[in-house]
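Side chains included, hydrogens not; waters and symmetry mates left out as well; all remaining heavy atoms used. We count residues from 1, following the sequence as given. These numbers come from a predicted model, not from an experiment.
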Amino acid sequence: MSLFSMPIQELKGVGPKRAKLFEKIGAPSVGALLRLYPRAYQDMTAPYPIRQAPLNEPCAIRATLYRPPTETRVRGGMLLCKCRVTDGESDLEITFFNNPYVKDRLIEGESYLFYGKVSANFLKREMLSPEFYPEASCPAIIPIYRQTQGLSSRMIANAVKNAFLLLPRDLRDPIPEPLRRQQQLWPLRDALETVHFPRTMDGLRSARRRMIFEELLVLQLGLLRMKSRKRGESPLRLTKDCTEEFYRLLPFTPTNAQKRAVREAMTDMMGGSPMNRLVQGDVGSGKTAVAAALCYNVIENGMQAALMAPTEILARQHYATLSAILAPTGIPIALLTGSLAAGKKKKLAEQLQSGEIRLVIGTHALLSEGVAFQNLGLVVTDEQHRFGVAQRATLSSKGNNPHLLVMSATPIPRTLALMIYGDLDLSVLDELPPGRQKIETYAIDSSKRMRAFRYMQKHIDQGLQCYIICPTIEEGENDMAAVTQYAEKLRTEWMPGNRIGILHGRMKAKEKEAVMSDFAAGQLDILVSTTVVEVGVDVPNAVVMLIENAERYGLSQLHQLRGRVGRGTHRSTCILLSDAQNEEALTRLQVMCRTSNGFEIADEDLRLRGPGDFFGSRQHGLPDLKIADMAQDMEILKQAQQAAHTILTQDFALEQPEHRGLRAEVNQLFQTLVGG
Ligand code: ADP
Ligand code: MG
């Protein structure tokens with residue numbers, strides 16, 4: 001058995017109980033443990049003199065204990081242990097809480113390194129519960145692992161140390177020697193060991209670069225192979241352009257941006273090779289019509305088209321929209337979602353296979369095994385960040401290399417999008433349909449809630465509709481209760497006499513659909529909902545949105561939510577209700593009041609939340625990265641992409657002996673995705 005797949009329990013000091021904990025943090029094997037990188041490091045190489053220590057941020061101090069620690073028990077039974085240390089110039093008071101072991105580990109007259117936050121008032125400087133190490137035996141840089149209940153960072157570090165004892169000196173390196181030399185990358189063993197136990201910060205940087213490069217190289221190899229497409233003449237080449245015909249079916253005149261996107265996509269599909277295009281457009285920019293135009297063209301050219309949406313509500317909405325637009329053409333359209341009865345699903349699958357149905361709109365259900373097409377020409381996925389790359393690949397594998405169109409409202413910077421999606425071409429809808437008015441946005445606190453309700457009532461009395469986005473959707477909490485209770489309160493107390501519907505994640509698809517269609521048909525005045533309405537839902541008659549606990553949402557999410565109103569020609573309002581006091585939350589709400597430009601909001605989001613969050617793997621559907629950061633490691637990403645291209649042109653199957661290690665890594669990284 002290879003060392004990497006060796007169960008964690010074989011490590012010294014790891015019993016069955018602790019093994020469970022290691023499993024929980026993602027390290028069931030020794031190999032996985034070695035790839036569980038520290039999330040931070042404590043740099044002990046340059047401790048501060050006490051007086052110069054930065055306040056309220058973690059730092060290291062070197063100081064001598066000049067009085068033995070004293071223990072006191074305070075009310076409530078808490079044990080306080082206090083001691084004083086000095087660096088020869090100034091003093092520092094150190095306090096530990098409920099830690100009976102410190103007293104014996106801290107010895108008068110000895111010198112220690114303390115790591116923690118220094119705070120100061122006019123009387124003294126102090127540190128609360130720092131980490132500490134005797135100076136003589138203090139490591140230069142201490143790795144900090146993501147710990148869990150019962151498994152501290154120190155325990156993890158020890159296990160990693162023991163794992164290295166078992167590791168052969170000449171660990172096989174997946175990166176071929178010539179590439180390593182060309183990119184000036186450290187050998188695997190050295191890099192791995194240094195990432196865990198660095199001796200200098202410079203060394204750590206080099207080691208990290210090597211591990212990041214490897215991860216991104218493997219990622220790019222996987223992505224490029226996954227979307228590798230047969231080049232040359234596509235059998236699905238479109239020969240006639242029916243766009244003008246389609247435009248006559250629309251109840252509005254397309255914007256120039258819409259026309260441009262359609263034209264760009266048509267140029268692709270009428271050219272030699274399969275289309276691979278991303279259409280990016282802010283909420284309300286009219287992506288659906290672009291998709292419809294392309295589906296129509298493909299169908300008129302004798303092929304089938306499929307449109308995949310991330311939720312059942314959206315799929316149904318697209319189905320309704322496209323059915324209405326295409327009604328005069330008589331094109332047979334079907335809806336395929338998870339809630340379709342088995343018998344009907346089977347029938348539909350047959351009609352798709354025989355080519356009787358020309359356009360199918362659906363959810364993930366489109367990916368299921370029974371679904372096959374006669375001649376699938378185009379696959380459109382809407383709001384693509386909810387789908388993984390592998391799912392897209394699955395759907396396109398149902399045809400003979402069909403054209404692909406991906407639609408997204410998430411404004412990702414262009415370079416990054418191209419990097420993540422590789423060889424996707426990009427169309428941007430940078431123009432909203434005419435007649436749209438800015439959505440007036442106000443931030444208020446709960447003392448003005450009743451005023452907000454009166455404002456909503458005024459609109460309802462004119463035959464318009466409102467959304468209320470309800471709080472408590474923290475993980476594990478019961479969002480159903482929150483929505484139900486809120487609606488009840490509206491009905492009985494706050495806004496009686498209105499027709500109120502509720503929508504939340506625990507409802508069955510059919511129930512959700514019923515509520516949504518009632519709302520769309522104007523049979524409900526108010527829709528109380530969780531964020532399930534976030535993506536894409538389109539009810540132009542809804543003009544006011546009240547968002548409770550607005551501070552809980554990120555900017556991009558607020559923007560998506562707000563995009564549910566202001567979709568018609570009526571003036572629309574978004575009311576952000578929050579009692580939050582902290583500055584960050586207030587800044588966010590102010591940004592929302594100031595601008596309605598999605599790209600500007602995305603930038604602010606990036607600035608306020610940092611890139612890690614924004615590019616969290618859930619948003620782009622890539623495998624989890626363990627060390628690389630898509631936003632921060634752009635330079636390395638570029639180099640890795642180049643290298644991946646070079647390798648694949650030489651050896652696409654990664655069959656040559658020097659690429660076998662890489663192939664194993666690729667399979668490993670994508671194993672969780674493919675089929676998932
Ligand atoms: P999104 O890009 O957010 O998916 P939709 O496709 O749902 O936007 O379109 C939003 C609304 O704008 C829909 O009600 C649609 O009918 C309308 N719309 C789209 N294009 C135009 C246009 N060129 N002129 C007027 N209204 C349009
Ligand atoms: Mg949409």
Side-chain angles (χ1 to χ4, degrees), residues 31 34-37 171-192 194-195 203-229 276 278 388-390 392-393 412-426 611-612 614-617 619-674:
L34 291 172
R35 301 277 166 154
L36 209 70
Y37 303 111
L171 197 56
R172 251 219 0 239
D173 193 331
I175 303 185
E177 162 92 56
L179 178 57
R180 222 162 61 212
R181 228 173 311 121
Q182 182 213 338
Q183 297 281 345
Q184 303 187 334
L185 300 171
W186 285 18
L188 176 59
R189 161 98 205 202
D190 295 347
L192 203 52
T194 303
V195 164
L204 175 60
R205 256 184 296 279
S206 303
R208 275 180 55 87
R209 176 165 170 271
R210 136 88 217 206
M211 299 314 298
I212 292 170
F213 184 93
E214 178 183 316
E215 186 165 53
L216 292 175
L217 175 65
V218 169
L219 175 73
Q220 291 295 330
L221 285 172
L223 287 177
L224 289 173
R225 288 186 62 193
M226 188 147 21
K227 66 184 146 219
S228 76
R229 344 198 67 215
N276 214 4
L278 173 67
V389 264
R392 237 188 300 143
I412 302 173
R414 187 190 170 96
T415 43
L416 198 64
L418 294 184
M419 211 65 87
I420 295 175
Y421 301 110
D423 50 358
L424 278 189
D425 296 305
L426 187 65
F614 195 70
F615 297 110
S617 66
Q619 293 212 8
H620 49 60
L622 296 176
D624 271 335
L625 297 178
K626 295 199 162 31
I627 191 165
D629 179 316
M630 280 293 188
Q632 273 168 17
D633 301 321
M634 274 294 267
E635 267 316 301
I636 308 179
L637 182 57
K638 275 183 213 159
Q639 294 156 358
Q641 196 174 37
Q642 274 271 304
H645 265 296
T646 313
I647 292 173
L648 290 183
T649 20
Q650 269 175 26
D651 177 19
F652 188 80
L654 298 177
E655 276 165 350
Q656 292 165 14
E658 69 267 31
H659 294 148
R660 256 187 230 141
L662 281 175
R663 190 175 64 196
E665 297 284 326
V666 170
N667 292 342
Q668 173 92 31
L669 183 67
F670 283 85
Q671 159 194 332
T672 45
L673 276 185
V674 176

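- Heavy-atom neighbours of Gln184 CD from other residues, nucleotides or ligands within 6.0 Å: at or below the threshold of 12.
- Taking all atoms of both residues into account, the shortest heavy-atom contact from Pro174 to Leu662 is O-CG, 3.3 Å.
- With values rounded to the nearest 0.5 angstrom, Asp633 atom CG is found 9.0 Å from Glu215 atom CD.
- For residues 641-668, no residue pair satisfies the salt bridge (charged side-chain N to carboxylate O under 4.0 Å, His left out) rule, not counting sequence neighbours.
- Looking only at side-chain heavy atoms (C-beta outward), Arg180 and Arg210 come within less than 4.5 Å of each other.
- Remark: of the listed residues Leu637, Ile636, Val218, Ile636 is the sole one forming a side-chain contact (heavy atoms from CB on, under 4.5 Å) with Phe213.
- Ala191 approaches Met211 most closely through the heavy-atom pair CB-SD, 3.8 Å.
- With a 6.0 Å radius and a threshold of 12 heavy atoms from other residues, nucleotides or ligands, Gln642 has its CD atom at or below the threshold.
- Glu214 contributes no side-chain N or O that, together with a main-chain N or O of Ile175, makes up a donor-acceptor pair within less than 3.5 Å.
- Side-chain contact between Arg209 and Leu185: present, with at least one pair of heavy atoms (C-beta onward) separated by less than 4.5 Å.
- Between Leu179 and Leu217 there is a side-chain heavy-atom pair separated by less than 4.5 Å.
- With sequence neighbours left out, the side chain to side chain contact (heavy atoms under 4.5 Å, CB included) criterion links Ser206 to Trp186.
- Between the NE2 atom of His645 and the CG atom of Leu221 there is a distance of 10.0 Å, given to the nearest 0.5 Å.
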